[in-house]
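Okay, structure first, notes after.
FYI, the numbering just counts along the sequence from 1.
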Amino acid sequence: MDNLKLKGTWNELKGKVKQKWGDLTDDDLTYVEGKEDELIGKLQKKTGQTREEIVSYLNSL
């Protein structure tokens, strides 16, 4: 299973994530260090994409 490795600051990355998945809200993108699985779960539920697809996209930012 891939690990989520956020580069830079999450606040800067949120804008790029919102561009890709426009229906996400700030509440959906609340990231707390150590709660990566919770964030990925929210993204999976809202986007319908797999964990691997989401992690791969986030790591590419």
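Scanning all heavy atoms of the two residues, the minimum distance from Trp21 to Ile54 falls at CH2-CG1, 4.2 Å.
In the model, Glu38 has no side-chain atom that pairs as donor or acceptor with a side-chain atom of Tyr31 under 3.5 Å.
Rounded to the nearest 0.5 angstrom, Gln44 CD and Arg51 CZ are separated by 7.0 Å. Here the OG1-CD1 distance, from Thr47 to Ile40, works out to 11.0 Å after rounding to the nearest 0.5 Å. Of the inter-residue distances, the one linking Glu36 atom CD with Leu58 atom CG reads 10.5 Å to the nearest 0.5 angstrom.
Using a cut-off of 4.0 Å between Lys/Arg side-chain N and Asp/Glu carboxylate O, Asp28 and Lys46 are scored as salt-bridged. Of the charged side-chain nitrogens involved, none lies within less than 4.0 Å of a carboxylate oxygen, so that Asp27 and Lys42 do not count as a salt-bridged pair.
Annotation: salt bridge (charged side-chain N to carboxylate O under 4.0 Å, His left out) contacts of Asp26 (sequence neighbours excluded): Lys18. With sequence neighbours excluded, no residue forms a salt bridge (charged side-chain N to carboxylate O under 4.0 Å, His left out) with Lys16. The salt bridge (charged side-chain N to carboxylate O under 4.0 Å, His left out) test applied to Lys14 returns no partner, not counting sequence neighbours.
Other residues, nucleotides and ligands place more than 12 heavy atoms under 6.0 Å from the NZ atom of Lys20.
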*Kindly determine whether Leu39 and Thr30 satisfy side-chain contact (heavy atoms from CB on, under 4.5 Å), including the steps that lead there.*
CA-CA 7 Å; Leu39 171 66; Thr30 300; over 6 Å; no
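Using modelled atom types, one side-chain atom of Trp10 and one backbone atom of Leu29 make a donor-acceptor pair closer than 3.5 Å.
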